[in-house]
Amino acid sequence: MAIRLHNTLTRRKEDMVTRDEGAVSIYVCGPTVYNHIHIGNARTFLSFDVIRRYLQWRGFDVYFVQNITDVDDKIIARAAEEGKTAEEVARFYTEAFLDAMRALGVCRPDVQPRATDTIPDMIEMVERLIDRGHAYVVEGDVYFSVRSFPEYGKLSGRDIDELRSGARVDVDERKRDPVDFALWKAAKPGEPHWSSPWGEGRPGWHLECSVMSEKELGPSFDIHGGACDLIFPHHENEIAQSEAATGRPFARYWLHGGLLQIDAEKMSKSLGNFMLLKDVLNDYEPQAVRMLMLQTHYRSPLDFSLERLDEAKAAYERIATLVRNIRWARGTTPAPDGASSDERNRLESQVASTRERFTVEMDDDFNTAGALGALFELARVANTFMAAHPGGLSSADLLALSEVEEALVELIGALGIELAEVNRSSYPPEVVELSKQLAGYEGQDTEAAVEALLAARAAARTERNWAAADAVRDGLSDLGFTIEDTPQGARVSFTPEL
RNA sequence: GGCGACGUGGCCAAGUGGCAAGGCAGGGGCCUGCAAAGCCCUUAUCCCCGGUUCGAAUCCGGGCGUCGCCUCCA
């Protein structure tokens, strides 16, 4: 079964046929580093991280390139505001961006070129465009001649003449045509600048993506991604630059993500209605953020709110709790009899059908919402299986459940959501003091302290001393532990608040 | 005005011709010493009108509404 992609260029879903069989080359537009990225920026990077991970999971050899725009008007403006140099601003927010991506669990691109490291290549492409009659020099600026590229507008469905009449911006009289755009800008005093055949200057924004993608992936590659607000003019201009410079088709498939909205309005730095990713991650686990994004198809708009983030967190915990409960059950002593072989077969066939449906959904233009639906169905079936046998599960039952666990961890992992193992070493030290008070524990080991508390609570419950039992549970609860009673004993889990 | 996306239960959302996934929230029940987790039950004339079809959320036409791009934007 082929993977289907919605291609903005053709406005329909197509079978993915890559340049090299078994390999996928991807270029995704990265951030301009003039501020911390907001949650809307994060959505796009997350979407393409999921696409990349899924293709890898499907066995493709993925080569993923994403630029960092570290020279730009907005960086210069920000530097002026802060009384810093543009280089300082760019360096600071580049680091902040890399930190934020790490915190969200976004895989690093295979190559992550910076615009300022690619200047010679950009100059070379501009020279090529001038040589081929697609660009012209005016007083140190170089412009791309849009009319020299007849296919201009094929991505965004725009018509050059309509663009021209609709141009609202003050027209630069030196341009031969109002729709022409800058490839190279002569530097004003105090701006970052590089030597070029046209004098000291800096590159235009659209240029770097054409240059980097060609340098890293070749003139024709498989997938070019970005958010849909980049379709025009950015991606249209990239196509014009690259195809005019190389004479060869640019990206085969154009994938565009929908925008994140707040109160049904685009989240953007210019509108001022944004939330920074780093602030959101201060209060929420990355898994909750990822779950929220995955519940909506990547091309649809997504209205963001903390309420929805709470819902996504609850949804994530449904899966995480199940996996934790399976792991716990597998640590208990198997019962002599549990489920019937029919029940086990049903569970196992559900695992198989979940894997099947997950793949079908994801192959169809990365339908993460559908894929999650498959996982939740498996969760319900597995929960039902366990609920039907409160008296305990046999070794065979536990083996079947371990297949459920394996599938959930693997499949949700293919979407970039990690189901972490419980880390006992991170138990808080306060538990020792609590155990001393309530269970007479004398040692210093946190894990042993918890064991002592659970033993004390079990004893109290046997004596029907609910006050003593609840004191232990409440004390542990205050430290971030959850105690749940089952017929097989108390189940403890530790989930510290962020 | 041009180009594009979208309109599915209380909220979110998948589904693009054949009995409407899933999550969250609410209500009822079960389990529990009380909880927690979980299970069971429970809520949809798929924006409106017309058309095509044996059959339409899904295709076509018209309307209404929301959003995006057309200017820097993930």
Side-chain angles (χ1 to χ4, degrees), chain A residues 6 8 11 13 28-32 34 37-48 72-74 77 153 156-159 161-163 165-170 205 225-234 236 256-261 264-271 274 291-292 294-297 299-303 305 307-308 310-319 321-322 324-325 328 357 361 364 367-380 382-388 390 461 464-467 469-470 473-474 477 482-487 490-491 493:
Chain A
H6 179 91
T8 306
R11 291 181 187 81
K13 279 189 204 171
V28 175
C29 291
T32 299
Y34 70 102
I37 65 161
H38 61 61
I39 188 82
N41 304 123
R43 181 191 185 196
T44 299
F45 302 140
L46 205 49
S47 294
F48 286 100
D72 174 85
D73 292 350
K74 291 165 117 166
S156 57
R158 280 177 171 69
D159 180 274
D161 294 308
E162 282 172 11
L163 280 174
S165 59
R168 293 185 232 154
V169 206
D170 47 325
W205 172 46
C228 64
D229 57 350
L230 294 185
I231 294 172
F232 189 90
H234 184 54
E236 196 69 71
H256 288 101
L259 299 179
L260 196 80
Q261 308 181 336
E265 201 176 39
K266 172 181 178 178
M267 176 183 288
S268 82
K269 289 171 187 168
S270 31
L271 289 173
F274 58 89
M291 183 63 86
L292 172 61
L294 292 174
Q295 282 178 321
T296 302
H297 187 92
R299 288 196 300 113
S300 302
L302 193 167
D303 213 78
S305 68
E307 289 71 29
R308 296 217 42 208
D310 284 328
E311 292 174 14
K313 182 184 176 189
Y316 162 70
E317 282 171 356
R318 180 164 164 83
I319 302 285
T321 300
L322 168 59
R324 204 164 50 228
N325 289 349
W328 182 84
R357 186 180 152 204
E361 297 284 10
D364 184 11
N367 186 354
T368 53
L372 284 175
L375 299 186
F376 282 110
E377 277 182 355
L378 175 60
R380 193 194 62 245
N383 275 324
T384 303
F385 180 84
M386 289 194 287
R461 292 184 77 223
R464 307 182 71 80
N465 182 350
W466 309 128
D470 291 348
R473 188 170 63 191
D474 294 345
S477 174
T482 303
I483 307 301
E484 300 166 305
D485 293 312
T486 78
R491 177 168 65 202
S493 54

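Proteins come first, then strands; the chains are lettered A, B, ... in the order of their sequence lines, and each starts at number 1.
Scored by the side chain to side chain donor-acceptor pair (under 3.5 Å) test, A:D310 finds A:Y284 as partners (sequence neighbours excluded). With sequence neighbours left out, A:T384 forms a side-chain contact (heavy atoms from CB on, under 4.5 Å) with A:R380. A:D73 is linked by a salt bridge (charged side-chain N to carboxylate O under 4.0 Å, His left out) to A:K185, A:R202, counting only residues two or more places apart in sequence or in another chain. Residues passing the side chain to side chain donor-acceptor pair (under 3.5 Å) test with A:E361, sequence neighbours excluded: A:R357, A:N367. Under the salt bridge (charged side-chain N to carboxylate O under 4.0 Å, His left out) criterion, A:K269 pairs with no residue, sequence neighbours left out.
Nearest nucleotide to the A:D485 side chain, out of B:C69, B:A37, B:G33: B:G33. For A:S270, whose side chain is taken as the heavy atoms from C-beta onward, the closest listed nucleotide among B:G33, B:C72, B:G68 is B:C72. The side chain of A:R473 sits closest to B:C34 out of B:G38, B:C34, B:A37. Side-chain atoms of A:A387 lie closest to B:G38 of the nucleotides B:A36, B:G38, B:A35. Considering only side-chain atoms of A:R158, the nucleotide from B:G2, B:A74, B:C34 that sits closest is B:G2.
In terms of phosphate contacts, A:T384 brings a side-chain nitrogen or oxygen within less than 4.0 Å of OP1 or OP2 of B:C40.
Mapping A:T44 and A:T486 onto RNA chain B by nearest heavy atom places A:T486 closer to the 5' end of the strand. Comparing A:A467 and A:L230 along RNA chain B, the residue whose closest nucleotide (by nearest heavy atom) sits nearer the 5' end is A:A467.
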Reading 5' to 3' through nucleotides 10-26 of chain B, protein heavy-atom contacts under 4.0 Å coded B for base, S for sugar-phosphate only, - for none: --SSSS-----BSBS--

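A:G157 comes within 4.0 angstrom of the backbone, heavy atoms only, and of no base. Within 4.0 Å of A:M267, counting heavy atoms only, lies at least one base atom of the nucleic acid. Using a 4.0 Å heavy-atom criterion, one finds that A:E265 contacts the sugar-phosphate atoms exclusively.
Here A:N465 contributes atom CG and A:D470 contributes atom CG; the two are 9.0 Å apart, rounded to the nearest 0.5 Å.
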